[in-house]
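First the proteins, then the strands, lettered A, B, ... as listed; each starts at 1. The structure displayed is predicted, hence computed values, not measured ones.
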Amino acid sequence: MAVQLDKAIVREKIARRAEQEIESGFYVNLGIGMPTMVANYIQEDKEVVLQSENGLLGIGRSPYEDEVDPDLINAGKETVTASVGASYCSSAESFAMIRGQHIDLAILGGMEVNEKGDLANWMIPGKMIKGMGGAMDIVHGARKIVIIMDHVNKHGESKILKQCQLPLTGKGVVDRIITERAVIDVTEEGLELVEVDEGWTVQEIKDSTEADLKVHPNLLEASF
Amino acid sequence: MAVQLDKAIVREKIARRAEQEIESGFYVNLGIGMPTMVANYIQEDKEVVLQSENGLLGIGRSPYEDEVDPDLINAGKETVTASVGASYCSSAESFAMIRGQHIDLAILGGMEVNEKGDLANWMIPGKMIKGMGGAMDIVHGARKIVIIMDHVNKHGESKILKQCQLPLTGKGVVDRIITERAVIDVTEEGLELVEVDEGWTVQEIKDSTEADLKVHPNLLEASF
Amino acid sequence: MMKTIHPSFEQAVNEIKDYSTIMVGGFGLVGIPENLILALVKSKVKHLTVISNNCGVDDWGLGLLLKNKQIDKMIGSYVGENKEFERQVLAGELEVELTPQGTLAERIRAGGAGIPAFYTPAGVGTPLAEGEEVRTFDGQEYLLQKGLQADFSLVRAAKGDRYGNLVYNKTARNFNPMIAAAGKVTIAEVEELVEPGELDPDHIHTPGIYVQGLIEGSQEKRIERLTLRQ
Amino acid sequence: MMKTIHPSFEQAVNEIKDYSTIMVGGFGLVGIPENLILALVKSKVKHLTVISNNCGVDDWGLGLLLKNKQIDKMIGSYVGENKEFERQVLAGELEVELTPQGTLAERIRAGGAGIPAFYTPAGVGTPLAEGEEVRTFDGQEYLLQKGLQADFSLVRAAKGDRYGNLVYNKTARNFNPMIAAAGKVTIAEVEELVEPGELDPDHIHTPGIYVQGLIEGSQEKRIERLTLRQ
């Protein structure tokens, strides 16, 4: 029970920090799972349009019971509403928007990220293949890709690696990684630690990260 | 004056014969100029939908003065109406229809056709280039391509040649040629004379045609 | 022009034979042609190749065809909602070709639009690129992808007129318009069949030229993940 | 989200500088952004590369830019309505790239959709194929064609809302939707500006994501070939 509570707190913490990536005026695609939660924390003074790759530009809040339309879902197959000024389109048009770099930011989950910004988040060999859905298109489409994930896996091993072990979703596609411990940017010279959460030291982050980390000269500590 | 009258009669004759290519249930694209005239002769018992590549599926008759909408034209830039059950689309969708072989028949004008079904109908070197418009797409898109044209040019020279002299619009694209003198099919073994108009003999057609002509075993004479 | 209005769902799918390739519209359970799929299940036609974004759930949509072992091969982007799917793949009973969702949408669009192949960035540097053609344009790598067509396309629309013009409702549009265009024979299940002229020509999503037959059907519209505001 | 509503046509085209590549919607004179073009003429910006299906007529539409010698290069499919065009080409003052209309529409669509290149049958075996890549798929030859993008796209719609969503009227749609998507900055001239929520989300032709600025303008809508029923 305590562990579960911790997990919920960790997820909320990551989602709230990820929300800061969203600027007013952005069109944003949020991945399925934890990224979808980010929508709950978007500050009201920001004008943001959420895109759903199944053909909705302008995701609204969840519906009240009497508002449910079975024909209106998000990419996670959850019932949603449409915001004022929304529009529907085909999947081809929806991915034209994505592939054509019209989406400012995508926030996606991750299993592994490496020093070059390679991302693995769609399959674990030996486990059943569920499919990549839209992730492989989105990582090449949105102008900025932010990965949110736990810093380490359930065995305590780093998910930020020198080399990804899992099959890739995209190569050199990640711009920033946000975990419950740190914010790390992918730069031409490798990974750079830009923020450390309260309760963690730079050394602890380095120790729990397999990949090499440079430290940003203006590193923010206890930042979120 | 007599010459002009003759010209009008010739054009009407070709258009009426071309109309016979249209089967009930067909989606048809008619080229600019003489092909557009074919619409005037479509028999009322045929259900036909005319497509205009500028984004109209279902061209109707010309408008009365009080019906004119400047936003509603055909590919020849003439004001038209839309038929009942028509739809509008973008130029990309319109050419998707064409390129994707959803159009049953296109009737186009021609300058030259050769034995292999090559067509030239868009430019004369030395004269100003106006552009090919949609012709190069249409010749590869519609399931059947019928070319309607005068049998000979103004110098009395055959427009049906062993080799086209003008730059091509498409290679091996023509299925049938209709002139005021004859109907000629493009077959694997070359051109085949299938109909001869009244007032002309097979020999006269052969003499006025540069390309070799086989004669269909069931040739129709005085057919139109 | 007037299209075939099928008198029953059985007759609507009557021409679909063993070893046919079919495309089926929908995203999850939204926008699927429910009754055409049920009729296919009843028809017992088998050895199908099915192209659809998902493969239904265990007891609804394409999952029913799967359970009935009517599918030999599935081309889709996400099949994770279906346990029987997993079982058949592991047992070697079902071939699966997974393709990124945007690539799938574009391949189907290309198939209907006469584009034999195109380049897309999705999949570059991943296992999907192995053995495939990779090409650089303006310093970026892209994968060659080919258009997809089907012998039969099954789609669902909110309204359709007797000329085959279709309009979709909200996110039930999804893959349906491209699938309608990419089928040699396209059959539309419509919630409401109307007369030509009733649909505004500016609002038609699928022009009638792409549709060969229609049938009116009432939809259950099962909800996969009911999510309500607290 | 709220887009820039330009206070004047002059300001709407203010960012367009010499040597810009611009795309302009319309087919013939139908669906052209009349007032944005007039503002460009007034702006005296020059050395433009213009991508548009046609180039207007001598005294209207893009023909005005041409007459003013503001265009260095024109990419289009049919330019036969314009005598000044002919004169400038023969005099070597104007570069022209003619491309089949369907290829042009698809190249622009590809540019907006992140497709760097695709194959199409149009032009195979013609002078257009000289020096170009020809490739065979399933026994048919196709030409490689590349996507097109623009620094600025100028489109015209019947209605637009403040979020940039656009709807077009009848055949005034033509190239406008693809051009709206292919511009780095897209400016829409709308006949009527409405509030977000007034346009039905199922009927929007151009989603607001493609549009950076809007301005309301009244249109002359000149008719090139008035053809009446006798």
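Sparse packing is recorded around NZ of C:Lys83, with 12 or fewer heavy atoms of other residues, nucleotides or ligands lying under 6.0 Å away. Within 6.0 Å of NZ in C:Lys146 there are 12 or fewer heavy atoms belonging to other residues, nucleotides or ligands. Counting non-hydrogen atoms of other residues, nucleotides and ligands closer than 6.0 Å to NZ of C:Lys221 gives a total above 12. Heavy-atom neighbours of A:Glu65 CD from other residues, nucleotides or ligands within 6.0 Å: at or below the threshold of 12.
Note that the NZ atom of A:Lys130 and the OH atom of C:Tyr78 stand 4.5 Å from one another [nearest 0.5 Å]. One finds the CG atom of C:Asn169 at 5.5 Å from the CG atom of A:Asp69 (value rounded to the nearest 0.5 Å). Rounding to the nearest 0.5 Å places OG of A:Ser94 at 10.5 Å from CZ of C:Arg173. We find the CZ-OG1 distance between C:Arg229 and A:Thr81 to be 8.5 Å, quoted to the nearest 0.5 Å. Annotation: the span from C:Leu228 atom CG to A:Ser62 atom OG amounts to 7.5 Å, rounded to 0.5 Å. Rounding to the nearest 0.5 Å gives a distance of 9.0 Å between CG of A:Asn74 and CZ of C:Arg225.
The minimum heavy-atom distance between C:Gln101 and A:Phe95, with the atom names listed, is OE1-CE1, 3.5 Å. Pairing each heavy atom of C:Thr126 with each of A:Gly170, the nearest pair is CG2-N, 4.0 Å. For C:Met178 against A:Ala92, the heavy-atom pair with the smallest separation is CE-N, 3.3 Å. Annotation for A:Thr79 and C:Ile223: closest pair CG2-CG2, 3.8 Å, computed over non-hydrogen atoms. When all heavy atoms are compared, the tightest approach of A:Asp71 to C:Thr171 is O-OG1, 2.5 Å.
When C:Gly31, C:Gly76, C:Pro127 are compared by the number of non-hydrogen pairs under 4.5 Å with chain A, C:Pro127 comes out ahead. Per-residue heavy-atom pair counts under 4.5 Å with chain C were compared for A:Ala96, A:Ala75, A:Ser87, and the maximum is reached by A:Ala75. Chain A forms more heavy-atom pairs under 4.5 Å with one residue of C:Gly125, C:Ala105, C:Ala122, C:Gly102 than with any other, namely C:Gly102. The candidate with the highest count of non-hydrogen atom pairs below 4.5 Å against chain A, out of C:Thr99, C:Ile108, C:Val96, is C:Thr99. Options A:Asp137, A:Asn54, A:Val139 differ in how many heavy-atom pairs under 4.5 Å they form with chain C, and the most are formed by A:Asp137. With chain A as partner, the option from C:Leu90, C:Asn176, C:Leu128 having the largest number of non-hydrogen pairs under 4.5 angstrom is C:Leu128. When each of A:Leu168, A:Thr169, A:Leu56 is checked for heavy-atom pairs under 4.5 Å with chain C, A:Leu168 comes out on top. Looking only at heavy-atom pairs under 4.5 Å with chain C, the residue among A:Cys89, A:Gly172, A:Ala120 that has the most is A:Cys89. Per-residue heavy-atom pair counts under 4.5 Å with chain A were compared for C:Gly28, C:Pro100, C:Ala172, and the maximum is reached by C:Pro100. Chosen from A:Ser52, A:Gly55, A:Gly133, the residue pairing most often with chain C at heavy-atom distances under 4.5 Å is A:Gly133.
Looking at C:Glu191, only its side chain comes within 4.5 Å of chain A, counting heavy atoms on both sides. Heavy atoms closer than 4.5 Å to chain A are found in the side chain of C:Val89, but not in its backbone. Using a 4.5 Å cut-off between heavy atoms, C:Arg87 makes no contact with chain A at all. Only the side chain of C:Pro177 comes within contact range of chain A, with at least one heavy atom under 4.5 Å from a heavy atom of that chain. Neither the backbone nor the side chain of C:Leu104 has a heavy atom closer than 4.5 Å to any heavy atom of chain A. In this structure, chain C has heavy atoms under 4.5 Å from both the backbone and the side chain of A:Glu53. For C:Asn54, the part lying near chain A is the side chain, with the backbone staying farther off; criterion is any non-hydrogen pair under 4.5 Å.
In this structure, A:Lys77 is positioned above the aromatic face of C:Phe27, its NZ or CZ under 6.0 Å from the six-membered ring centre and within 45° of the axis.
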Test side chain to side chain contact (heavy atoms under 4.5 Å, CB included) on A:Lys171 and C:Val124; report intermediate values, then the result.
CA-CA 7 Å; A:Lys171 207 172 169 175; C:Val124 167; 5.7 Å; no
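A side-chain contact (heavy atoms from CB on, under 4.5 Å) with A:Ile73 is found for exactly one of C:Asn174, C:Val30, C:Thr227, C:Leu226, namely C:Val30.
Between the side chain of A:Arg99 and the main chain of C:Thr120, no donor-acceptor pair closer than 3.5 Å is present.
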